[in-house]
Amino acid sequence: MHQMMRQTCRDYAAKELAPIADALDKNHTYPTKQVQELGAMGVMAVEVPEELGGAGMDYLAYSLAVEEISRGCASTGVVVSVNNSLYIGPILKFGNEEQKKQWITPFTTGEKVGSFALSEPAHQEGDEWVLNGTKAWITNSWEASATVVFATTDKSLKHKGISAFLVPMPHPGLSLGKKEDKLGIRASSTANIILEDCRIPLGNLLGP
């Protein structure tokens, strides 16, 4: 199983990614077609159970996939990594069944990718959470269809007063800064996520 994943990703990276990696990076071009093809291969959701649309494999298989994809194109490797680990990971571990179906399954095919952001304060108003803050260096920001946002909900609890929220993108109160002109891995967008009275339903709280 692991050797098959490694070889499949190695072959794909050599044939489909390595020849275009320089151009993708130079032109800041997101590899839309390739990410969708990787989704069809199960690479965008390696650990996700099959019933949720994933490959149903383990973390070693995921690590091998990222290693081989990154061998061909570091930018594409980052897109794969963020979607699997930083976006899907917390939802898979802490989400309820409804959240998993809504926020994981559409992100297993490569048609949509997620991102991850740490914000500042959040507070509850009626049946909504209100998020504010700006976070820099958010990978996949310009292509993401959703983001997992961590925000402080109770300062008195210090690090234990931080909660995670599921925010669709685009969404009122959420905007993006300019794409950063990085030294490399430029086919994977990186930008600020700016939250200004961004309101989400109470049900978008991730975990207890």
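Along the sequence shown, residues are numbered consecutively beginning with 1.
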I want to check something: taking the side chain as every heavy atom from C-beta on, are [X] and [Y] in contact at a cut-off of under 4.5 Å?
X	Y	answer
L86	V148	no
E143	V35	no
D154	S163	no
Y62	M57	no
W103	N204	yes
T76	P31	yes
V43	E37	no
E125	H123	yes

- Item | Worked verdict on W129 versus L202 for side-chain contact (heavy atoms from CB on, under 4.5 Å) | CA-CA 6 Å; W129 286 102; L202 295 183; 3.5 Å; yes

What closest approach, in Å, do [X] and [Y] show between heavy atoms, and which atom pair accounts for it?
X	Y	result
P19	A14	CD-O, 3.5 Å
P172	C198	O-SG, 3.6 Å
V46	N84	N-OD1, 2.9 Å
Q36	G110	CG-O, 3.5 Å
G72	A21	O-CB, 3.4 Å
L92	E47	CD2-O, 4.0 Å

With clusters defined by side-chain heavy atoms of hydrophobic residues (ILVMFWY) lying less than 4.5 Å apart, directly or transitively, does [Y] cluster with [X]?
X	Y	answer
I69	M5	yes
M169	V130	no
V80	I91	no
M44	V48	no
V82	F107	yes

Without swapping roles, check the side chain of [X] against the backbone of [Y] for a donor-acceptor pair under 3.5 Å.
X	Y	result
N140	G114	yes
K182	S188	yes
Q99	N96	yes
T108	T105	yes
S70	V66	yes
D25	I185	yes
S189	K179	no
N192	I194	no
T190	W137	no

- Message: One pair to check against side-chain contact (heavy atoms from CB on, under 4.5 Å): V79 and Q34. What are the steps and the verdict?
- Response: CA-CA 11 Å; V79 174; Q34 291 72 26; over 6 Å; no

- Message: Does atom CE (M4) have a neighbourhood of more than 12 heavy atoms from anything else shown, all under 6.0 Å?
- Response: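 Incorrect, the count does not exceed 12.
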
- Count the heavy atoms of every other residue, nucleotide or ligand shown that sit under 6.0 Å from CG of L157, and state whether that count exceeds 12. yes

- Query: With a 6.0 Å cut-off on ring centres, are Y30 and W142 close enough?
  - Reply: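 No, ring centres 6.0 Å or more apart.
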
Rounded to the nearest 0.5 Å, how far does [atom2] of [Y] lie from [atom1] of [X]?
X	Y	atom1	atom2	result
E180	R186	CD	CZ	12.5 Å
I200	D127	CD1	CG	11.5 Å
K33	L38	NZ	CG	10.0 Å
F94	L205	CZ	CG	12.0 Å
H2	D58	NE2	CG	3.5 Å
Y12	C73	OH	SG	10.0 Å

- Yes or no on side-chain contact (heavy atoms from CB on, under 4.5 Å) for H28 and D181, after CA distance, side-chain angles and deciding distance? CA-CA 8 Å; H28 296 238; D181 187 13; 3.3 Å; yes

- Message: For a salt bridge (charged side-chain N to carboxylate O under 4.0 Å, His left out) check, start with the C-alpha distance between E98 and K100, then their side-chain angles and the critical distance, and finish with the verdict.
- Response: CA-CA 5 Å; E98 183 178 344; K100 290 177 183 179; over 6 Å; no

- Message: Between L176 and I193, does the side-chain contact (heavy atoms from CB on, under 4.5 Å) criterion hold? Intermediate values first, please.
- Response: CA-CA 5 Å; L176 299 174; I193 284 183; 3.7 Å; yes

